[in-house]
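Please read through the structure below; I'll follow up with questions.
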Amino acid sequence: MKIPHLLPSDALLIVDVQLDFCPGGALPVPEGNDVVRVLNAWIAGALAGGAMVLASRDWHPVGHPSFASQGGPWPTHCLQDTLGAAFHKDLHLPHETILVSKGTRFDKDQYSAFDETGLAIALRRKDIRRVWIGGLALDVCVQATALDAVRAGFETHVIHQACRALSPASRKTALGQMQDAGVALEE
Ligand code: VGL
Ligand code: ZN
């Protein structure tokens, strides 16, 4: 695994590496747990280089509009303060990790960690220039987050090895759309 030299102007943004998105969870992403080993190496690189580490989490209230029980597309998942919403236990998040909770609204879903969270402002305050993204699911929240990062003006890299998708077909579409938008794909 080759990790670039990270700097204080870099941010590692880990998207939704939560138990419900791993095998055995409520909305499992195939091989979702395989991203943990890769991300741990990136976390070590971020710490060595003084880069910022952030972790987003899907953090839904009971009766969230994205749930099938409410007419939404997904099974109930990532309920606030439940085990399924916890980060994977083997993910070595440093204690200074900045958490970004999303999907908390009662009226609509937020796939992107930038969607009405103020994240772009938090990154600009730290003079972040480049954002490195990995996590779950590549074809849902990673994609939405990466597209918003580009729109917000950050040099945006998606760490391919550190992501898994819900389905092969939408994975392909997501990779194409991200590349067209100017996202750099990092092996
Ligand atoms: C996600 C589906 C529903 C994700 C979140 O984190 O990719 N996918 N909620
Ligand atoms: Zn969700």
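Whatever order the structure lists them in is the order used to number ligands and atoms, beginning at 1. A quick note: this is a predicted structure, and the numbers were derived from the prediction, not measured. Numbering of residues begins at 1 and proceeds along the displayed sequence.
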Check: residues 174-187 side-chain donor-acceptor pairs under 3.5 Å, at least two apart:
from	atom 1	to	atom 2	distance (Å)
Q177	OE1	Q143	NE2	2.7

Begin from the C-alpha positions of L12 and V131 and carry the test side-chain contact (heavy atoms from CB on, under 4.5 Å) through to its verdict.
-> CA-CA 6 Å; L12 174 63; V131 179; over 6 Å; no
K89 atom NZ, neighbour heavy-atom count above 12 within 6.0 Å |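 Atom NZ in K89 is crowded, with more than 12 foreign heavy atoms closer than 6.0 Å.
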Near-ring test H77/F67, centroid separation under 6.0 angstrom =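 For F67 and H77, the ring centres are under 6.0 Å apart.
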If you have a sec, work out which protein heavy atom is nearest atom 4 (C) of ligand 1 and how many Å separate them, to one decimal?
->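 Minimum-distance protein heavy atom for atom 4 (C) of ligand 1 reads C141 SG, 2.9 Å.
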Quick one: look up the protein heavy atom nearest atom 6 (O) of ligand 1 and list residue, atom name and how far away it is.
->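 Result: D16 OD2, 2.6 Å.
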Polar contact flag for F21 and ligand 1 (N/O pairs, less than 3.5 Å) =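 In fact, backbone or side chain, F21 has no N or O that close.
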Closest protein heavy atom to atom 8 (N) of ligand 1, given as residue, atom name and distance to 0.1 Å =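 Heavy-atom neighbour on the protein nearest atom 8 (N) of ligand 1: V140 CG1, 3.5 Å.
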Around the Zn ion (ligand 2), list the protein N/O/S atoms within a radius below 2.8 Å, excluding water molecules.
->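 Only D58 OD2, H60 NE2, H77 NE2 fall inside 2.8 Å of the Zn ion (ligand 2).
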Would you mind telling me if ligand 1 is within reach of the side chain of L136, the backbone, both or neither, using heavy atoms under 4.0 Å?
->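 Backbone only; the side chain of L136 stays clear of ligand 1.
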Indicate yes or no: does an N/O atom of D58 lie under 3.5 Å from an N/O atom of ligand 1?
->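 Yes; at least one N/O pair falls below 3.5 Å.
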Without hydrogens or angle criteria, can the side chains of S56 and D16 be said to hold a donor-acceptor pair below 3.5 Å?
->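 Per modelled atom types, S56 and D16 side chains form a pair under 3.5 Å.
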Grab the two heavy atoms, one from H60 and one from S66, that are nearest each other, plus how far apart they are.
->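 That would be NE2-OG, 4.0 Å.
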Decide whether the shortest distance between a heavy atom of H77 and an atom of ligand 1 is less than 4.0 Å.
->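 For ligand 1, residue contact (heavy atoms, under 4.0 Å) with H77 is present.
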S170 side chain to S167 side chain, donor-acceptor N/O pair below 3.5 angstrom |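 Present: a donor and an acceptor within the cut-off.
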Any side-chain heavy-atom pair from F87 and R57 closer than 4.5 angstrom?
->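 Side chain of F87 against side chain of R57, heavy atoms only: contact under 4.5 Å found.
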For V142, is at least one N or O under 3.5 Å away from an N or O on ligand 1?
->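 Between V142 and ligand 1, no N or O pair is found under 3.5 Å apart.
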Top protein contact for atom 7 (O) of ligand 1, by heavy-atom distance |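 Checking every protein heavy atom, the shortest distance to atom 7 (O) of ligand 1 gives A137 N, 3.0 Å.
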Taking a hydrophobic cluster as the set of Ile, Leu, Val, Met, Phe, Trp and Tyr residues connected by side-chain heavy atoms closer than 4.5 Å, whether directly or through intermediates, do F114 and V140 fall within one such cluster?
->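 Per the 4.5 Å side-chain linkage, F114 and V140 are not co-clustered.
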Is H60 close to ligand 1, meaning an N/O of one under 3.5 Å from an N/O of the other?
->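 No, since none of the N or O atoms of H60 sits under 3.5 Å from an N or O of ligand 1.
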Could you tell me the residue and atom name of the protein heavy atom closest to atom 2 (C) of ligand 1, and the distance to it rounded to 0.1 Å?
->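 For atom 2 (C) of ligand 1, the nearest protein heavy atom comes out as W74 CE2, 3.4 Å.
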Minimum heavy-atom distance D10-L7, with the two atoms named |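 For D10 and L7, the tightest heavy-atom pair comes out as OD2-N, 2.7 Å.
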Are F21 and Y111 linked, directly or through other ILVMFWY residues, by side chains that come within less than 4.5 angstrom of each other?
->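 Per the 4.5 Å side-chain linkage, F21 and Y111 are co-clustered.
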